[in-house]
Engineer: 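The structure's right below; bear with me while I get my questions together.
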Amino acid sequence: MARLEGKTALITGAARGIGLAIGRRFREEGAEVIVNDLDPEVAAKAAAEIGGTSLAADVSDSAAVTAMFDEVASRHGRLDVLVNNAGINGVENDPERAADFRNRMLAQATEAMSGGPITTHIDSTVDATDEDWHRMLGVHLDGTFFCSREALKIMNPQGSGCILNMGSIMGTAGGAGAAAYCAAKAGILGFTRSLAREVVSRNIRVNAIAPGWIDTDFTSFLDETKMMIAAQTPMGRLGDVDDIAWAAVYLASDETKFMTGQVLSPNGGWHMSQ
Ligand SMILES: NC(=O)c1ccc[n+]([C@@H]2O[C@H](COP(=O)([O-])OP(=O)(O)OC[C@H]3O[C@@H](n4cnc5c(N)ncnc54)[C@H](O)[C@@H]3O)[C@@H](O)[C@H]2O)c1
């Protein structure tokens with residue numbers, strides 16, 4: 001298939017997980033793919049695996065993002081698709097905190113199922129530092145803004161382009177213990193709608209994907225709580241990376257040329273209104 005033939009796409013946080021799957025499907029559909037991630041070697045390895053090129057940058061670092069898009073302009077001379085996918089769960093560097101969160105979730109669910117009372121509290125917000133909060137908003141919300149702004153400097157003169165922002169069901173439904181993450185994802189949905197209205201006169205579309213629970217490194221710390229999540233999901237399972245990658249292909253292709261400011265939510269029925 002060639003649904004993205006002739007398009008150049010940059011995907012942030014694409015060295016693994018959902019971003020890598022998007023890169024792989026974009027390549028199969030004929031796009032030139034630029035893999036962004038934090039570590040240059042890891043990004044280059046992922047790019048080689050799918051037949052793309054790579055540019056490392058921390059999306060929460062404004063100057064690094066500007067330099068990355070300058071490089072895109074000089075290497076490719078155009079940019080048709082930006083996927084703002086890079087993300088963190090907030091406990092990726094702290095296994096103890098991840099285990100504590102998971103254990104509290106399990107204990108609270110057990111108390112609830114046995115009729116209460118609830119004596120285990122999640123307490124992530126009262127325990128969060130200023131740095132935790134700013135880092136979460138920095139990677140997701142600042143990163144989405146920095147990359148979109150720099151991408152538009154290439155797309156505006158082209159008079160065409162497509163921006164896809166990675167939201168989450170958490171941006172609408174909320175999630176206990178994930179206030180900063182949910183705030184960032186809700187912000188991304190508002191940013192998507194506003195930017196969609198702003199750049200429609202430039203023939204640029206801006207949409208979001210709001211995945212449900214997807215089986216990646218991002219959710220691996222959940223361990224046995226994944227069974228609870230699967231049980232709460234009408235389709236009875238977590239999603240796989242291709243469940244999101246195919247939505248990205250669809251939104252990046254001309255099949256959705258009448259869609260902007262929308263949120264597509266592959267989530268197995270977990271949340272039915274975005
Ligand atoms: N996995 C899920 O259940 C799920 C659900 C909803 C939304 N999402 C969103 O999907 C996106 C991808 O998630 P995933 O599950 O593939 O996660 P993942 O942890 O497997 O991959 C995330 C990638 O982003 C990169 N990254 C992190 N911070 C970065 C930064 N500052 N600059 C550049 N790259 C950075 C990481 O190095 C990693 O390669 C995230 O935005 C996440 O919030 C995931």
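Atoms within a ligand are numbered from 1 in the order they appear, just like the ligands themselves.
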Engineer: Quick one: do the Ser124 and Arg97 side chains pair a donor with an acceptor below 3.5 Å?
Structural biologist: no
Engineer: Out of Asp58, Asp37, Val139, who is nearest to atom 38 (C) of ligand 1 when you count heavy atoms only?
Structural biologist: Asp37
Engineer: In plain terms, say whether Glu32 and Lys7 are close enough for a salt bridge, that is, a side-chain N and a carboxylate O under 4.0 Å apart.
Structural biologist: no
Engineer: Side chains of Thr120 and Glu111: donor-acceptor distance under 3.5 Å anywhere?
Structural biologist: yes
Engineer: How far is atom 20 (O) of ligand 1 from the closest protein heavy atom, and which atom is that?
Structural biologist: Arg16 NE, 3.1 Å
Engineer: Report yes or no: do Thr256 and Asn207 form a side-chain donor-acceptor pair below 3.5 Å?
Structural biologist: no
Engineer: So is Met170 close enough to ligand 1, meaning a heavy atom under 4.0 angstrom away?
Structural biologist: no
Engineer: What protein heavy atom is closest to atom 5 (C) of ligand 1, reported as residue, atom name and distance in Å?
Structural biologist: Gly212 O, 3.1 Å
Engineer: Any nitrogen or oxygen of Thr219 lying under 3.5 Å from a nitrogen or oxygen in ligand 1? Just yes or no.
Structural biologist: no
Engineer: Going by an N to O cut-off under 4.0 Å, is there a salt bridge joining Arg102 and Asp100?
Structural biologist: no
Engineer: How far is atom 14 (P) of ligand 1 from its nearest protein heavy atom, and which residue and atom is that?
Structural biologist: Thr216 OG1, 3.7 Å
Engineer: Short list, please: which atoms of ligand 1 are under 4.0 Å from a heavy atom of Tyr181?
Structural biologist: 6 (C), 7 (C), 8 (N), 9 (C), 42 (C), 43 (O)
Engineer: Atoms of ligand 1 less than 4.0 Å from Ser168 heavy atoms?
Structural biologist: 6 (C), 7 (C)
Engineer: Of the protein's non-hydrogen atoms, which lies at the shortest distance from atom 12 (C) of ligand 1, and what is that distance?
Structural biologist: Asn85 OD1, 3.3 Å
Engineer: I need the nearest protein heavy-atom contact for atom 9 (C) of ligand 1: residue, atom name and distance, please.
Structural biologist: Met166 CG, 3.7 Å
Engineer: What protein heavy atom sits nearest atom 32 (N) of ligand 1, and how far off is it?
Structural biologist: Val59 N, 3.1 Å
Engineer: Do other residues, nucleotides or ligands put more than 12 heavy atoms under 6.0 Å from the CD atom of Glu224?
Structural biologist: yes
Engineer: With heavy-atom distances below 4.0 Å as the criterion, list the atoms of ligand 1 near Trp213.
Structural biologist: 3 (O)
Engineer: Evaluating non-hydrogen atoms only, which member of Leu38, Val42, Val35 is closest to atom 29 (C) of ligand 1?
Structural biologist: Leu38
Engineer: Which is closest to atom 27 (C) of ligand 1 in terms of heavy atoms, Ala86, Gly13, Gly87?
Structural biologist: Gly87
Engineer: List in chain and number order the residues that pass side-chain contact (heavy atoms from CB on, under 4.5 Å) with Ala15, two or more places apart in sequence or in another chain; answer none if no residue qualifies.
Structural biologist: Asp37, Val42, Ala46
Engineer: Examine the side chains of Thr144 and Asn165 and answer whether a donor and an acceptor come within less than 3.5 Å of each other.
Structural biologist: no
Engineer: Judged by non-hydrogen atoms, does Glu92 sit under 4.0 Å from ligand 1?
Structural biologist: no
Engineer: Which ligand 1 atoms, with their elements, are less than 4.0 angstrom from a heavy-atom of Pro211?
Structural biologist: 5 (C), 6 (C), 7 (C)
Engineer: Measure the shortest side-chain to side-chain distance between His121 and Arg104 over non-hydrogen atoms and say whether it is less than 4.5 angstrom.
Structural biologist: no
Engineer: I need the single residue from Asn203, Leu82, Val199 that forms a side chain to side chain contact (heavy atoms under 4.5 Å, CB included) with Met155. Which is it?
Structural biologist: Leu82
Engineer: Is Arg149 atom CZ crowded by more than 12 heavy atoms from other residues, nucleotides or ligands, each under 6.0 Å away?
Structural biologist: yes
Engineer: Among Ile214, Asn84, Leu222, Asp217, which one has a heavy atom closest to atom 2 (C) of ligand 1?
Structural biologist: Ile214
Engineer: For Phe221 and Lys226, run side chain to side chain contact (heavy atoms under 4.5 Å, CB included): C-alpha distance rounded to whole Å, both residues' side-chain angles, the deciding distance at 0.1 Å, then the answer.
Structural biologist: CA-CA 9 Å; Phe221 80 96; Lys226 281 189 192 172; over 6 Å; no
Engineer: Are the side chains of Val263 and Leu189 in touch, meaning some heavy atoms are under 4.5 Å apart?
Structural biologist: yes
Engineer: Are any of the heavy atoms in Ala57 under 4.0 Å away from ligand 1?
Structural biologist: yes
Engineer: Under 4.0 Å from a heavy atom of Gly17: give me the atoms of ligand 1 that qualify, with their elements.
Structural biologist: 16 (O), 20 (O)
Engineer: Mind telling me whether Phe145 and Phe191 have parallel, tilted or perpendicular rings, with 30° and 60° as the class edges?
Structural biologist: perpendicular
Engineer: Short list, please: which atoms of ligand 1 are under 4.0 Å from a heavy atom of Ile88?
Structural biologist: 27 (C), 28 (N)
Engineer: Could you tell me whether ligand 1 has any atom less than 4.0 Å away from a heavy atom of Ala210?
Structural biologist: no
Engineer: Counting from 1, what ligand 1 atoms have a heavy atom of His140 closer than 4.0 Å?
Structural biologist: 41 (O), 43 (O)
Engineer: So is Gly167 close enough to ligand 1, meaning a heavy atom under 4.0 angstrom away?
Structural biologist: yes
Engineer: Give the residue, atom name and distance (to 0.1 Å) of the protein heavy atom nearest atom 44 (C) of ligand 1.
Structural biologist: Ile18 CD1, 3.8 Å
